[in-house]
Amino acid sequence: MTNNRAISSRKIESEALKQLEDISGVNVYACYQCGNCSSACPAVEFMDIPPHQVIRKVQLGFIDELIESETPWICAACITCTVKCPRGVDIAKVMEGLRQIVLRRDFEHINIREIDKKLREKLPQIALIGNFRKTIL
Amino acid sequence: MKRIGVFVCHCGINIAETVDIEAVVKDLKDYPGVAYVQDYKYMCSDPGQNMIKEKIKSEKLDGIVIAACSPTLHENTFRMTVKTVDMNPYNCEIANIREQCSWVHKDKNEATPKAKLIIKSVVEKALLDEELEPVKVPVVRKALVLGGGIAGIQAALSIANSGHEVILVERQSSIGGRMAQLSETFPTLDCSQCILTPKMVDVAQHEKIRLMTYSELEDISGFVGNFKVRIRQKTKYIDWDKCTGCGLCIEKCPKKVPSEFDQELGKRKAVYTPFPQAVPNKPVIDHENCTYFKTGKCKLCKMVCPFDAVDFDETDKFVEEEVGAIVVATGYDVYPVLNMDEYGSGKLPDVIDGLTFERILSSSGPTGGEVRRPSDGKVPKEIVFIKCVGSRDPENHFPYCSKICCMYTTKHAMLYKHRVHDGQPYIFYMDVRAGGKGYEEFYQRAQEEDNVIFLRGKVSKVYQDDDKVVVCGIDTLSGSNIEIRADMVVLAMAIRPSKGVEELAQLLKTAIDQNGFLTEAHPKLRPVESLSAGIYLAGCAQAPKDIPDTVAQASAAASMVSNLFAQEYLLHEPIITGVDEDLCSGCGLCITVCPYDARTLNREKSIVDVNEILCEACGACAAACPSGAAQQRNFTDKQLSNMIKAILI
Amino acid sequence: MFEPKIVAFFCKWCTSAGADLAGTSRITYKPNITGIRVMCSSRVDPEHVLDAFKNGADGVLIGGCHPGDCHYQTGNYQTLKRMKLLKKMLTDLNINENRLRLEWISAAEGKRFAEVVDDFTEEVRNLGQIQYMRL
Amino acid sequence: MQVSYYPGCMLKTNAKNFETSALAVLDRLGVTARELEDWYCCGVCFSQASDNLMQQIAPIRTLVKTKESGNPQLLALCTMCYNTLKRSIEFIKADKDKLETIQEFMDREATRFYGDEVDVIDILSLIKQIGLDKLKEAIVKKVEDLKIASYYGCMLLRPKEIAIDSPDDPNIMEEIITASGCENVYFPFRTECCGSYQIVNEPDIVTDRAKKIVDSAVKNGADLMVMLCPLCYYNLDEVQTEIQKEDNTFQTIPVLYITQLLALLMGLDLDIHDFSLHSVDPRPVLKMKGLL
């Protein structure tokens, strides 16, 4: 990955960014990069891009990087980030927006059938159904 | 009927290009009441003005209309002109045929008839204009300063030094305010008390200043130049006339309570002065905590007092004064740590606010200036400072920047390092705002010489773990989450307008903003005036600011007061709304719409009385009056009605 | 084409200054309107509005400061309150209430001033000449 | 007093202990929880996409049923259900157009629904509403020195619009614990996420979280950990045993639904507990403290 990126008004106003705004209804430009979301995120160490950088990349229009990132899939929607944000940016909704962009292109991110059968029987339904968010809808 | 002269200005081609001046002049000549019409290329030029003067005399005009540019530009010019030939300035009116006619229409056929209508309607106004004299108001040359912190001290001294009397009211028993609590001040690190106490003494000794501590403003009436104020002197239980401040009572008092001045880190007695250098250095008895008031027994202070100054039966006293101007310098409070749930809600003893840390750093503070943490008195080796706590957080707390925290936190880290050489200070910040003289250099020094580690990001959580305080934050520059097992945490809490400002603003009939700070008349051009005439603002009551800014603003407020006092009398716009006693039925509708309380019901005569000085001439009452008793001078119903008709001919 | 006659009342502090700004910015607008400068929109008595209609005005425009910006603290709120009743009264008098309009125009809104005047002129033009029923 | 009761999928399966104990405790406090005759899956996770109205239909249908039931207060024991149902109400209240679209889609429901008519309540708030004095009266067993770590998880506290208490420093469980005569242990991880449904695909996250949460409770001296969420319960209880398999220095702590603890303190029938459902057996601690 190159660290040298061109930004332009065209890129920042991309289709994907618009789609993300439509789905999440969030104005990411309120973010002033205090990092409180990442600081509080319980799963940040499992993420390849910490939440505050996700928001920054959205601001700059680097959506394609985010679509390839694992971060939205690591997010368990505990909403700690949103509660912590001093500027009212609903980061959890941005994560959902990114998941939706991928799902609406590829339909599924994980295959339920790959889950071990034994585990599937033992796990609580709400864990399984919660996990469906990585497949449809 | 009056003889009105109409003077039509070409304004070069600005008006003449789109308005057919000749046609206008011709048409106006026949208009009823118009005795003379003249056009000229530049009416505002010297020859133009001279011509007007001559014609007023030669044509025996008793009112003129100048058809030219907007009245905001030259109304005053022309009114001064006519005054030199003994015409009442209020009989000179402007018809705006430039900004609102020639410049907004292109077609001569459109602009010319409109110009005629505009001029005619103003002629109608001029025909009924009365001769008015500005209302003259005497000025009481004595100022009231509310608040005895550095802002109030500076304002009071400055006004007093220009020769005017000042009453300085402070609700604590000593002046000094927040600045007296500080250790050393940025960016020069001079000791706060060392630079402040001489000024406090100056206040006490100044022959023009009447110092009223332990007092509060109770009531106010009147208006600029003539306020009547009622001040409550709270019960001290000590007769300060007798007391010499020897301190025997304090020494003998058996009851100890947490000291507010020391941010509750140290103790004071139930009879106390807030700090040793207090001005006046005389004690008060704290009714809440005094053993005698609680149990009926004790009276040790009374017994030991060599001057019989203790008086348990004392009550509040009230003082009434007349003042011409008021400076509000009520200062700030620190937003309490208990509002910060993520930082322990005030339950963690070693998580304190910046002001408390000032007391720890102060050589006259509870630790004698040694950095020791509150829980066990240990010297903290790892100390974390967090900025923007409650500030810049519109979602949970306050949207504004508290302005002083960047600098004082940097100072804290520096002073800590000067006292604990092997210690490590960390500062979590979001931005460093060091925009003052010598501030950026100060910040650089902290980084380069004092090894303060600046971490760019917020702290999401602080919790106690054994005897450590764990700080979970982030450094967004490296993208790493940071965990510090610290010995102590200092929070740069948001600063708030001090308690009671809202009620005070109501009392003073001036406004506060959405954050509770007093609103200035204009954010840039009138930054020390309040929205009420004669009331000025200084210090953090208006917005967060540091000592240099506070002193500057206080000096500016004092200079505004001096300006006011330099006037022989105040002139007040005379286009006020009076009352026709014969028509007024005393229904009081006008009273309810008046924003200035200028109208009051005279129950005896069953009519409304008008205080001409309070009236600001909006005319809302005139429109509300059902009987036509309220008529705004030179904007009477008859005048407006004639103007309307003139437009619609 | 029918050219309506419109009387306007502008408060001194905001709308009149906004009109001046339209002038200094050379923004052209329809000439059907003639303004009367008052200290505050709250000075406009409902009677003046009726007076205007009675004398053949096809429309009346009142311009004041934006809510919260009134030079006299609460004047524009008084105006707003009066407008409601006044509009009702116009309806009773068989005058289309849209012939009366209240607008908040600040000293900085020269462009908006021109737009409001043009828009209102068109609206009144569409309503046609006033037929005032004498009571 | 009567409330409507929404069990959701878990209370009939993995979280049977929660249902039986909660209903018994409420009964003792004089509350009848009437299960809705007809209810639908809540969808588990509230859809955070503003354009995904399909996923709102199931919770809204349940809310319509609640309105029809005549008991407008709906008790959701499972915190996931609480969160989803409560947020659905907020969602439609904030956007009437979306409510319109959703209602047009629902053909079976004749009842109109506007959002204000029904309120979703969790059991902690319900107990507080009944009154802590009443709770105190119902406690028959006096225990000494039983230290309880109350674990909140996410769903009752976030987002702020539906939070039952301060998201960063809640106190409602501790108040109930105090009223029931036990001692509180405040541990810093009590409001942190357990890893949730990531147990399916990213179990490492859950293991990491569970270890931190349990360590923190144990370190602060807790005897028991209580909670409400069936998923947190699974993640914390089940995973403890697995962590111990890997790391024998790891100290476990028994996990109970808070209503189980209250039932024990009220001296209710022991048959309502099925202790075989617990992975970390709570019986030794309970015996030691005289609750069994």
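No hydrogens, no waters, no symmetry mates; every other heavy atom, side chains included, goes into these values.
- For the atom pair K122(A) NZ and E238(D) CD, the distance stands at 4.0 Å (nearest 0.5 Å).
- Residue contact with chain A, scored on non-hydrogen atoms closer than 4.5 Å, involves the backbone of F46(D) exclusively.
- Listed here is the closest heavy atom pair of Q198(D) and A76(A): CG-CB, 3.8 Å.
- Atoms CD and SG, on E192(D) and C78(A) in that order, are 8.5 Å from each other to the nearest 0.5 Å.
- Using a 4.5 Å heavy-atom cutoff, the side chains of I115(A) and V200(D) are in contact.
- Chosen from N235(D), T191(D), L231(D), the residue pairing most often with chain A at heavy-atom distances under 4.5 Å is L231(D).
- When all heavy atoms are compared, the tightest approach of R104(A) to A49(D) is NH2-CB, 4.2 Å.
- Residue-level contacts of residues 79-87 of chain A with chain D, in order of numbering, are I79(A), T80(A), V83(A), K84(A); threshold 4.5 Å between heavy atoms.
- Counting heavy-atom pairs closer than 4.5 Å to chain D, the top-ranked of the candidates C41(A), G97(A), A43(A), A92(A) is A92(A).
- A pairwise comparison of heavy atoms in G25(A) and S50(D) identifies N-OG, 4.1 Å as the closest pair.
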- Message: One pair to check against salt bridge (Lys or Arg N to Asp or Glu O under 4.0 Å): E45(A) and K212(D). What are the steps and the verdict?
- Response: CA-CA 14 Å; E45(A) 52 200 278; K212(D) 283 191 172 125; 3.5 Å; yes
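- The structure places CH2 of W73(A) at 11.5 Å from CD of E202(D), a figure rounded to the nearest 0.5 Å.
- In this structure, K98(D) places its NZ atom where more than 12 heavy-atom neighbours from other residues, nucleotides or ligands lie under 6.0 Å away.
- Ranked by non-hydrogen atom pairs under 4.5 Å with chain A, the options T13(D), D204(D), I205(D), N14(D) are led by I205(D).
- Within a 6.0 Å radius of NZ in K160(D), more than 12 heavy atoms belonging to other residues, nucleotides or ligands are found.
- Contact annotation for I126(A): both backbone and side-chain heavy atoms come within less than 4.5 Å of a heavy atom of chain D.
- When heavy atoms are compared at a cutoff of 4.5 Å, D116(A) does not approach chain D at all.
- Between P42(A) and the choices C194(D), C193(D), S196(D), the side chain to side chain contact (heavy atoms under 4.5 Å, CB included) rule is met once, by C193(D).
- The minimum heavy-atom distance between P124(A) and M10(D), with the atom names listed, is CB-CE, 3.3 Å.
- More than 12 heavy atoms of other residues, nucleotides or ligands shown are found within 6.0 angstrom of OH on Y29(A).
- The stretch residues 90-97 of chain D places none of its residues near chain A, where near means some heavy atom under 4.5 Å from a heavy atom of that chain.
- Across all non-hydrogen atoms, the minimal contact from A77(A) to Q48(D) is CB-NE2, 3.8 Å.
- Atom CG of N201(D) and atom CG of N131(A) lie 4.5 Å apart (nearest 0.5 Å).
- Closest approach of G130(A) to C45(D), counting heavy atoms only: CA-SG, 3.8 Å.
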- Task: List the steps and the verdict of side-chain contact (heavy atoms from CB on, under 4.5 Å) for L128(A) and Y197(D).
- Result: CA-CA 7 Å; L128(A) 290 166; Y197(D) 55 77; over 6 Å; no
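- Expressed to the nearest 0.5 Å, how far OG of S47(D) lies from CD of Q100(A) amounts to 6.0 Å.
- Heavy-atom distances place the side chain of D208(D), and not its backbone, under 4.5 Å from chain A.
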